[in-house]
Asks: 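Shown below is the structure under consideration.
What you see below is based on every heavy atom in this structure, not just the backbone, and it leaves out hydrogens, waters and symmetry mates. As the structure lists them, so they are numbered: ligands from 1, and atoms in each ligand from 1.
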Amino acid sequence: MLGQMMKVPLTIPSLLEFAARYHGDCEIVSKTVEGPIHRYDYAGLARRTKQLANALCGLGLGDGDIVGTLAWNGYRHLELYYGVSGIGAVCHTVNPRLFVEQIAYIINHAEDRYVFTDLSFVGLLEGLADKLKKVQGFVVMTDRAHMPSTTLRNALCYEELLAGQPETFDWSIVDENAAAALCYTSGTTGNPRGVLYSHRSTVLHSMAVNFADSLALSARDAMLPVVPMFHVNAWGIPYAAPVAGCKLVMPGPNLDGASLTHLMESEAVTISAGVPTVWLNLLAHIKETGKCPSRLNRVVIGGSACPPAMMEAFEKLGVRAVHAWGMTEMSPLGVINQPTRRTEALAADQRRELALKQGRPLYGVEIKIVDGAGVELPFDGTSFGSLKVHGYWICDSYFRQEPVAAHDEPGWFDTGDVATIDADGFVKIVDRTKDVIKSGGEWISSIDLENVAIAHPAVREAAAIGRTDEKWGERPVIVAVLKPGATATAEEIRAFYRGKVGKWCEPDAVLIVESLPHTATGKLLKTELRRLYGQAR
Ligand code: ADP
């Protein structure tokens, strides 16, 4: 017997329509590439998105077409998120920080028909345009006054494209499983892989972002997503904030500590989200100036492990650091660290230790850990194994690609992370499978070693890698960058490990360097570090 409830498809335009109707005057503030601050509200977003949708149809775009974007966090990018998906096309956000060859690969692999670009990336695309044979035209996301002269073929000006278009549009998505958005993983090894989100997965994920024990965005919040809209849809915030009636503050291209703190203060930002490298800069700036944004009460930290020193620094500022874990293949939210009634009652040091774990699964995500033979391991907080996931917003297969080993077990996706899960469901990411240091029979967590190094007062950033070793297979080595003006010898940092980790985990060497290489999403580039420093001496 079937239920007798309405069959309303879960679609991205429904998020926008809700925001426009019930939070129409809630502000969206953007620091533009052109310089000034732009302001409008969800009602304005809906009007312009409909103009855009009409314009896109006028370009001959529609069902299943893929439209690329190379853009910062800003209002025009937000219009593309809704407008492109709203006409049944797919919004393909391209990470401009990738190597140019990868950008060309991604745009060609996706067969983007049009590419929308911020002014910042016009030069980059001009250099690549010859390789992008299938792209019919490029739209520069600016107005006539700022439109550059460009060699890009069929170059259009965004504001001219919208001008005069009707502010009404009949959203016609009927199948909630239709493709809506496309993101590629950074592909530190091999080519990037495409993850094709559906309307349904995106809407369900947005609801989970807003759960009380998740980011809990509300109509009293102002959210500044530092995480870029070209990296896993800015963790779903551009879809989740509108339905919560949460003010959105878009930082544009300036992501340094000074610009972010200034914008947070002037726009009364209460919550922000980003990767640890961003917070390193922000915290350094706050320390220098002694001024923390006065309304900021929580920051969501994910993408890489949040070091204890970072969590403490936020705690001292009265800002709660909320640890979260996920990945492009998971839209990205998988687990998030919010206390339970039981854990809130623990002693302060136990609570702090627990807060460093990545968190508990959200409803909608199933998790398990398995050993090398695929046998499920207990949720006891100590057994560690490969972390597998299953759920409403998890990738079932990669876009236009043969099945890969990560999808071998039907219904489960192997995240490539090694984790423990405790009895309350709190997940601790021990490491990425490929980053764990295998010394003799032991597995050493590179994350744990990095956390100790960063706790040293002179260390700004550190990477732990396995160095090939004849006797042990691999031995840990720390590559560290010191804080400006700080002094410490390699030997002092090595000695700092004593008593903090097992004897066999103490690094064989500490190398002090000027800077560490990062991926396009702000993570330590371990492949490069292993190439530079991982060979046996
Ligand atoms: P990429 O940066 O490679 O495109 P993702 O952003 O999807 O890919 O990265 C996902 C990976 O980042 C996870 O599998 C995990 O290894 C790592 N990661 C994400 N969040 C955390 C976290 N809070 N702690 C530790 N590792 C994390």
Asks: With nothing but distance in play, are any N or O atoms of Gly303 less than 3.5 Å from an N or O of ligand 1?
Replies: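 So ligand 1 has an N or O lying under 3.5 Å from an N or O of Gly303.
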
Asks: State plainly whether the residues Asp435 and Arg530 are in salt-bridge range, i.e. N to O under 4.0 Å.
Replies: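 Yes, Asp435 and Arg530 are salt-bridged.
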
Asks: With heavy atoms of Trp325 as the reference, note each atom of ligand 1 found under 4.0 Å away.
Replies: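 Near Trp325, the atoms of ligand 1 are 13 (C), 15 (C), 18 (N), 19 (C), 20 (N), 21 (C), 27 (C).
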
Asks: For residues Thr270 and Asn297, is any side-chain donor paired with an opposing acceptor at under 3.5 Å?
Replies: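 Absent: no donor and acceptor within the cut-off.
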
Asks: I want to know whether Tyr184 and His92 have ring centres closer than 6.0 Å.
Replies: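 When the ring centroids of Tyr184 and His92 are compared, they turn out to be within the sub-6.0 Å range.
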
Asks: Give a yes/no on ligand 1: does Gly326 have at least one heavy atom closer than 4.0 angstrom to it?
Replies: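 Under 4.0 Å: yes for Gly326.
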
Asks: Under a plain distance cut-off of 3.5 Å, with no hydrogens placed, do Ser446 and Asp431 share a side-chain donor-acceptor pair?
Replies: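 Ser446 and Asp431 do have a side-chain donor-acceptor pair below 3.5 Å.
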
Asks: Determine, for Lys428 against Asp448, whether the closest basic-nitrogen to carboxylate-oxygen distance falls under 4.0 angstrom.
Replies: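 Asp448 and Lys428: salt-bridged.
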
Asks: At a 4.0 Å cut-off, with the gap strictly under it, does some heavy atom of His231 reach an atom of ligand 1?
Replies: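 Heavy atoms of His231 do come under 4.0 Å of ligand 1.
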
Asks: Indicate, as side chain, backbone, both or neither, the part of Ala324 found under 4.0 angstrom from ligand 1 when only non-hydrogen atoms are considered.
Replies: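 Near ligand 1, Ala324 shows its backbone, while the atoms from C-beta on stay back.
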
Asks: Looking only at distance, does Gln358 have an N or O less than 3.5 Å from an N or O of ligand 1?
Replies: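 There is such a contact, yes.
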
Asks: Quick check: His205 with Tyr197 (ring centres under 6.0 Å apart)?
Replies: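 No, they do not, as the ring centres are separated by 6.0 Å or more.
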
Asks: Tell me which part of Ser304 gets within contact of ligand 1: side chain, backbone, both or neither, using heavy atoms under 4.0 Å.
Replies: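 Just the backbone.
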
Asks: Please state whether Thr519 comes within less than 4.0 angstrom of ligand 1, counting heavy atoms only.
Replies: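 So Thr519 does not count as touching ligand 1.
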
Asks: Please identify each residue that fulfils ring-ring contact (aromatic ring centres under 6.0 Å, His included) with His407, with sequence neighbours left out.
Replies: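 In terms of ring-ring contact (aromatic ring centres under 6.0 Å, His included), with neighbours along the sequence ignored, His407 is linked to Tyr398, Phe413.
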
Asks: Side chain, backbone, both or neither: which applies to Thr328 and ligand 1 if a contact is any heavy-atom pair less than 4.0 Å apart?
Replies: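 For Thr328, backbone and side-chain atoms both sit under 4.0 Å from ligand 1.
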
Asks: State whether the shortest distance between N or O atoms of His323 and N or O atoms of ligand 1 falls below 3.5 angstrom.
Replies: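 Checking ligand 1 against His323, an N or O pair does fall under 3.5 Å apart.
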
Asks: Regarding ligand 1, does Ala305 bring an N or O atom to under 3.5 Å of one of the ligand's N or O atoms?
Replies: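 Between Ala305 and ligand 1, an N or O pair is found under 3.5 Å apart.
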
Asks: Mind checking what makes ring-ring contact (aromatic ring centres under 6.0 Å, His included) contact with Phe399, not counting sequence neighbours?
Replies: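 In terms of ring-ring contact (aromatic ring centres under 6.0 Å, His included), with neighbours along the sequence ignored, Phe399 is linked to no residue.
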
Asks: Which of the numbered atoms in ligand 1 are below 4.0 angstrom from a heavy atom of Met327?
Replies: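 By the 4.0 Å cutoff, the relevant atoms are 7 (O), 10 (C), 14 (O).
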
